[in-house]
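Reviewing the structure listed below.
Just so we're on the same page: letters track the sequence lines, and every chain starts at 1. On a predicted model such as this, the values are computed, not experimentally measured, just so you know.
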2 protein chains.
Amino acid sequence: MRNDDRRERLKAALLDGAERTIAESGLSGLKARDLAKEVGCALGAIYTVFPDLDALILSVNLRTLALFDRVIATVPLPPEPDGPPTPAQRDAAVATLVRLAVAYLHFAAQNTTRWRALFQHRVTQALPDWYLVEQVRLFRYIEAPLRVLRPDLGERERALLARSLFSATHGLVSLGLDEKLMVLSEPVLRGQIEVVVGALGRGLAEG
Amino acid sequence: MRNDDRRERLKAALLDGAERTIAESGLSGLKARDLAKEVGCALGAIYTVFPDLDALILSVNLRTLALFDRVIATVPLPPEPDGPPTPAQRDAAVATLVRLAVAYLHFAAQNTTRWRALFQHRVTQALPDWYLVEQVRLFRYIEAPLRVLRPDLGERERALLARSLFSATHGLVSLGLDEKLMVLSEPVLRGQIEVVVGALGRGLAEG
DNA sequence: CAGGTCTGTGAACGTTGTTCACAAACGCAT
DNA sequence: ATGCGTTTGTGAACAACGTTCACAGACCTG
């Protein structure tokens with residue numbers, strides 16, 4: 001029992017260390033030897049807890065997703081009317097979409113490297129189930145305002161559209177914060193998100 | 001002179017080989033030793049033409065951008081009315097935006113690995129000027145229909161909005177073709193792009 | 001053709017992630 | 001408490017990578 005305990009503590013220490021390093025220097029800054037030195041274990045000890053560094057990174061990414069989930073959960077969702085929405089309800093739903101997108105931007109801007117690791121990390125083998133489950137959970141937040149804007153859509157179509165709205169927002173944030181194109185400041189980027197997501201929401205409602 | 005000639009031929013051979021390898025196995029499949037063997041030169045010869053592999057990749061990426069430019073140039077752009085646009089002109093502009101986005105999707109789907117290399121490749125140092133110039137050139141295609149939809153915007157605001165529209169479309173395509181979320185088929189993705197970019201265009205016009 | 005310059009060569013270097021024979025620590029029965 | 005089998009952590013060793021560099025050979029020039 002004492003042994004399992006140590007194993008758990010080693011795992012936690014590795015996750016903490018890896019998270020800190022990624023937050024500080026990005027994914028490419030994570031080196032097996034440095035990490036071992038940081039947590040005070042042997043190089044090989046890492047591989048007694050995780051099959052490889054990819055699995056470790058995936059676990060760190062899960063932490064990031066959970067952190068984001070706690071942030072996004074604070075965005076108030078609109079009540080869902082039964083019939084076709086009134087103009088005011090429509091505007092409220094659009095505003096919710098914008099708030100969700102801005103929350104995403106804010107999180108990405110405040111946790112740039114950790115957030116980048118979520119997407120920068122290319123996967124070699126199939127992703128574990130818990131990773132996909134967490135993703136679907138996050139999409140549900142988008143589905144609520146969509147139910148107001150497009151009550152005509154079926155469950156499946158709405159889920160697909162939610163994913164697309166996330167993808168579009170992610171593109172805005174991702175390329176906005178990327179050095180590859182010119183980096184935009186968060187306020188400018190927020191303005192663009194308000195314009196684009198706002199237009200998107202209004203366009204969806206009338207379509 | 002004969003010497004410069006050989007140098008040019010070596011450069012072209014390296015670019016061809018690297019392009020082929022990237023198209024076949026992605027960025028991570030590009031290895032200095034394999035490339036040298038493929039083009040029949042010594043390992044060190046690569047570094048007489050390019051300072052490092054990053055520069056080589058950047059040159060391959062420029063080729064990809066040029067290839068895409070030839071594709072996107074075939075999309076017909078709407079004539080630009082002087083005053084406020086008629087509803088028909090507005091619809092035509094929206095249709096152009098959708099066509100541009102679909103062309104982007106189609107190119108990405110047909111040249112997946114080459115296209116991925118454009119964004120997967122994280123840059124360490126500042127990007128060369130010619131790279132940025134090419135990017136701006138591509139944004140111009142989006143600016144034309146925007147001029148119809150939003151004649152009220154200034155040059156700078158319109159350029160920014162064009163960039164944002166590209167970013168949103170890129171997000172749709174990028175995550176749509178990514179294995180990290182579930183991969184969508186090109187037809188499904190095209191449908192989503194039509195819905196989202198269409199709504200976006202209409203929402204922009206009325207806003 | 002001789003001399004100097006430039007260029008391609010591939011062995012060698014430093015850094016990676018990952019493995020594995022061995023030693024140390026642990027748990028349990030005596 | 002003590003001994004013994006098992007499990008666990010160790011870090012040297014391995015393979016693969018990008019990059020460098022002393023040297024040998026090819027090239028141009030007088």
Problem - DNA chain C contacts made by residues 49-58 of chain B, counting heavy atoms under 4.0 Å - result: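 Close to the strand, none.
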Handout entry: D129(B) atom CG, neighbour heavy-atom count above 12 within 6.0 Å
Key =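 Check fails, neighbour count at 12 or below.
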Length of the [atom1]-[atom2] vector between [X] and [N], whole Å:
| X | N | atom1 | atom2 | result |
| --- | --- | --- | --- | --- |
| L30(A) | dT16(C) | CG | C1' | 12 Å |
| I46(B) | dT20(D) | CD1 | C1' | 13 Å |
| R9(A) | dT8(D) | CZ | C1' | 16 Å |
| R6(A) | dG27(C) | CZ | C1' | 13 Å |
| K37(B) | dT9(C) | NZ | P | 14 Å |

Exercise for the section: Could you check D34(B) against L10(A) and say which one's nearest nucleotide on DNA chain D is further toward the 5' end? Expected result: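 Whichever sits nearer the 5' end wins; that is L10(A).
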Is a salt bridge present between [X] and [Y], judged by a nitrogen-to-oxygen distance below 4.0 Å?
| X | Y | value |
| --- | --- | --- |
| E157(A) | R150(A) | no |
| R163(B) | E143(B) | no |
| R158(A) | E155(A) | yes |
| K11(B) | E8(B) | no |

Exercise for the section: Look up atom OG in S164(A) and atom CG in L189(B), then write down how far apart they are to the nearest 0.5 Å. Expected result: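 Here the interatomic distance stands at 7.0 Å.
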Problem - Gap between atom CG of L67(A) and atom CD of E19(A) - 0.5 Å precision - result: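 E19(A) atom CD to L67(A) atom CG measures 8.0 Å (nearest 0.5 Å).
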Problem - Of the listed nucleotides dG8(C), dT10(D), dG17(C), the one nearest the side chain of A32(A) - result: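 So the side chain of A32(A) is nearest to dG17(C).
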Problem - Proximity to the side chain of Y47(A) - top-ranked nucleotide from dT10(D), dT19(C), dT9(C) - result: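 Of dT10(D), dT19(C), dT9(C), dT19(C) is nearest to the side chain of Y47(A).
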Handout entry: Shortest non-hydrogen contact from F68(B) toward A103(B)
Key =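 Heavy atoms of F68(B) and A103(B) come nearest at CE1-O, 4.3 Å.
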Exercise for the section: Please name the pair of heavy atoms, one in W115(A) and one in S174(A), separated by the smallest distance, quoted to 0.1 Å. Expected result: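 So the minimum-distance heavy-atom pair works out to CH2-CA, 3.6 Å.
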Practice task
Output yes when a side-chain donor or acceptor of T48(B) lies under 3.5 Å from a complementary backbone atom of G44(B), and no otherwise.
Solution key: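 Checking the backbone N and O of G44(B) against the side chain of T48(B), no donor-acceptor pair under 3.5 Å is found.
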Could you list all N or O pairs between the protein and nucleotides 12-16 of chain D that sit under 3.5 Å apart?
from    : atom 1 : to     : atom 2 : distance (Å)
dA13(D) : N6     : R33(A) : NH2    : 3.3

Exercise for the section: For the helix from dG4(C)-dC27(D) to dT30(C)-dA1(D), measure the angle between the helix axis at one end and the axis at the other, each built from five pairs, rounding to 10°. Expected result: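 That helix gives 20° between its end axes.
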Problem - OP1 or OP2 of dG9(D) under 4.0 Å from side-chain N/O of T48(A) - result: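 Indeed, a polar side-chain atom of T48(A) lies that close.
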Practice task
Please test R9(A) against D16(A) for salt bridge (charged side-chain N to carboxylate O under 4.0 Å, His left out), starting from the C-alpha separation and ending with a verdict.
Solution key: CA-CA 10 Å; R9(A) 283 214 281 173; D16(A) 287 342; over 6 Å; no
Practice task
Identify whether any heavy atom of L35(A) sits under 4.0 Å from a base atom; if not, whether one sits that close to sugar-phosphate; answer base, sugar-phosphate or nothing.
Solution key: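 No contact at all - L35(A) keeps every heavy atom at 4.0 Å or more from the nucleic acid.
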